[in-house]
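Reckoned from all heavy atoms, side chains included, excluding hydrogens, waters and symmetry mates. Order of the sequence lines fixes the chain letters, A, B, ..., with proteins taken first and strands second; residue numbering starts at 1 for each chain. Owing to the predicted nature of the structure, the values given are computational and were not obtained by experimental measurement.
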Protein chains: 2
Amino acid sequence: MLSKKTKYALHALTYLGKHRDEKTVLIHDIAEEHGISHKFLENILLELKKAGILGSKKGKGGGYYLIKDPKEIPLSKVIRLLDGPIALLPCVSLNYYEPCSECKDEATCGINKVMIQVRDETLKILENKTLEDILKT
Amino acid sequence: MLSKKTKYALHALTYLGKHRDEKTVLIHDIAEEHGISHKFLENILLELKKAGILGSKKGKGGGYYLIKDPKEIPLSKVIRLLDGPIALLPCVSLNYYEPCSECKDEATCGINKVMIQVRDETLKILENKTLEDILKT
DNA sequence: ATAAAGTCTATAAAAAAGATAGGGTTTATA
DNA sequence: TATAAACCCTATCTTTTTTATAGACTTTAT
């Protein structure tokens, strides 16, 4: 399951996507719309900004805005950013690889082999579903 | 990512699959083979037994054995049993449904719609990969 | 100047995961 | 029939992760 962080990020991105006609959107408005803690959401938006997905304007009249085209924001990117690996095991993660201590030899481990296949097929899905898909339904 | 419980379960099932010529296998042997806590593994095997995947024999000379054909044990079953939902959000889970508090109306929520699609495609993968796939590699 | 709004870091609280403990029950066998 | 081996069951403790909060700082419009 996705963490609340990722879930909130998706809601925020959706909100921002729906308000692209406005120059900026307040954290406060997004938080209120979904009943999310303002401060918690703040950290999330900051991460999205650092990842180059959002832009912001400081000071009075400021706020956040989408910096990318919704179809250029795949679910895989949002999930990796807030939740970490998409792979089911550390030993098959492309971005967060770590060996599994209980596995004697990765090269001959059937679990490893199958999980690589699962990872590749899962990535196909999550790289092709984007914020645009969420917005257009 | 899968929890250690699920990971250990997969290793145990693999071990049992490889030793199907023997009548029973000791928890101890599986735990030792993978450097897993005996007691922790005990709980896991018990769950697999209750789910009808393993059988056991008590008393001296007892142990565990696979009760199902490896190709009848999909990853989805093992994951659901030890980790819970496969869906990315509670509001799209088939087996563990719960509404999302921050979502005002599921019927019009784009996130919900997309996550249903992700769930269905993910299930296709996890229901078709089985213990047999792990054993044969 | 002032107030509004994002930035940043630290810490606290809650929940979940991981691990351990120990007594109970069953069964082969000497 | 006593004993040791092995699974069964439940409770509890510890650690880690997640979720949430706090507060001081910076920027900017008016």
Participant: Would you kindly compare His38(A) and Lys58(A) by the position of their nearest DNA chain D nucleotide and give the one closer to the 5′ end?
Facilitator: His38(A)
Participant: Specify the separation, in whole Å, of atom CG of Leu46(A) and atom P of dA5(C).
Facilitator: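 These atoms are roughly 17 Å apart.
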Participant: How close or far is atom C1' of dT17(D) from atom CE of Met1(A), stated in whole angstroms?
Facilitator: 16 Å
Participant: Take the protein atom OH of Tyr64(B) and the nucleotide atom P of dT27(C), then report the distance between them rounded to whole Å.
Facilitator: 14 Å
Participant: Give a yes/no on whether any side-chain N or O of Ser37(B) is located under 4.0 angstrom from OP1 or OP2 of dT20(C).
Facilitator: yes
Participant: Please report the distance, rounded to the nearest Å, between CG in Leu2(B) and C1' in dG18(C).
Facilitator: 15 Å
Participant: Grab the two heavy atoms, one from Glu106(A) and one from Pro99(A), that are nearest each other, plus how far apart they are.
Facilitator: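 Residues Glu106(A) and Pro99(A), closest heavy atoms: OE2-CA, 4.1 Å.
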Participant: For Phe40(A) and Lys39(B), find the nucleotide of DNA chain D closest to each by heavy atoms; which residue's nucleotide sits nearer the 5' end?
Facilitator: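 Between the two, 5'-proximity favours Lys39(B).
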Participant: Show, in sequence, the C-alpha distance, side-chain angles and deciding distance for His38(A) and Glu42(A), and conclude whether the side-chain contact (heavy atoms from CB on, under 4.5 Å) test is met.
Facilitator: CA-CA 6 Å; His38(A) 173 109; Glu42(A) 195 174 274; 3.5 Å; yes
Participant: Check the side chains of Lys57(A) and Thr24(A) for a donor-acceptor pair under 3.5 angstrom, ignoring hydrogens and angles.
Facilitator: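 No - no donor-acceptor pair under 3.5 Å links their side chains.
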Participant: With rounding to the nearest 0.5 Å, note down the distance linking CD1 in Ile86(B) to OH in Tyr96(B).
Facilitator: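 The distance works out to 8.5 Å.
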Participant: Could you give the CD-to-C1' distance, from Glu102(A) to dG18(C), as a whole number of Å?
Facilitator: 13 Å
Participant: Quick one, His34(A) and Tyr8(A) - any side-chain contact, counting heavy atoms below 4.5 Å?
Facilitator: no
Participant: Check the distance between dT26(D)'s P and Lys57(A)'s NZ and give it to me in whole angstrom.
Facilitator: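 So the two atoms are 19 Å apart, to the nearest Å.
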Participant: Whole Å only: how far is the CD1 atom of Ile44(A) from the P atom of dT7(C)?
Facilitator: 14 Å
Participant: Is there a residue in residues 4-31 of chain B whose heavy atoms reach under 4.0 Å of DNA chain D, and which residues are they?
Facilitator: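 Only Val25(B), Leu26(B), Ile27(B) qualify.
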Participant: Tell me which pairs pass side-chain hydrogen bond (donor to acceptor under 3.5 Å, both in side chains) where either residue lies in residues 126-137 of chain A, with sequence neighbours left out.
Facilitator: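 Listed once each, the pairs are Lys129(A)-Gln117(B), Asp133(A)-Lys136(A).
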Participant: Quick one: Lys49(B) NZ to dA6(D) P, roughly how many Å, whole number?
Facilitator: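 Rounded to the whole Å, the gap is 16 Å.
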Participant: Please check: side-chain N/O of Lys77(A) versus main-chain N/O of Glu72(A), any donor-acceptor pairing under 3.5 Å?
Facilitator: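 Side chain of Lys77(A) to backbone of Glu72(A), a donor-acceptor pair under 3.5 Å: no, none is there.
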Participant: So does Lys60(A) get a side-chain nitrogen or oxygen closer than 4.0 Å to the phosphate oxygens (OP1/OP2) of dG6(C)?
Facilitator: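 So the side chain of Lys60(A) is outside the cut-off, no N or O lying under 4.0 Å from OP1 or OP2 of dG6(C).
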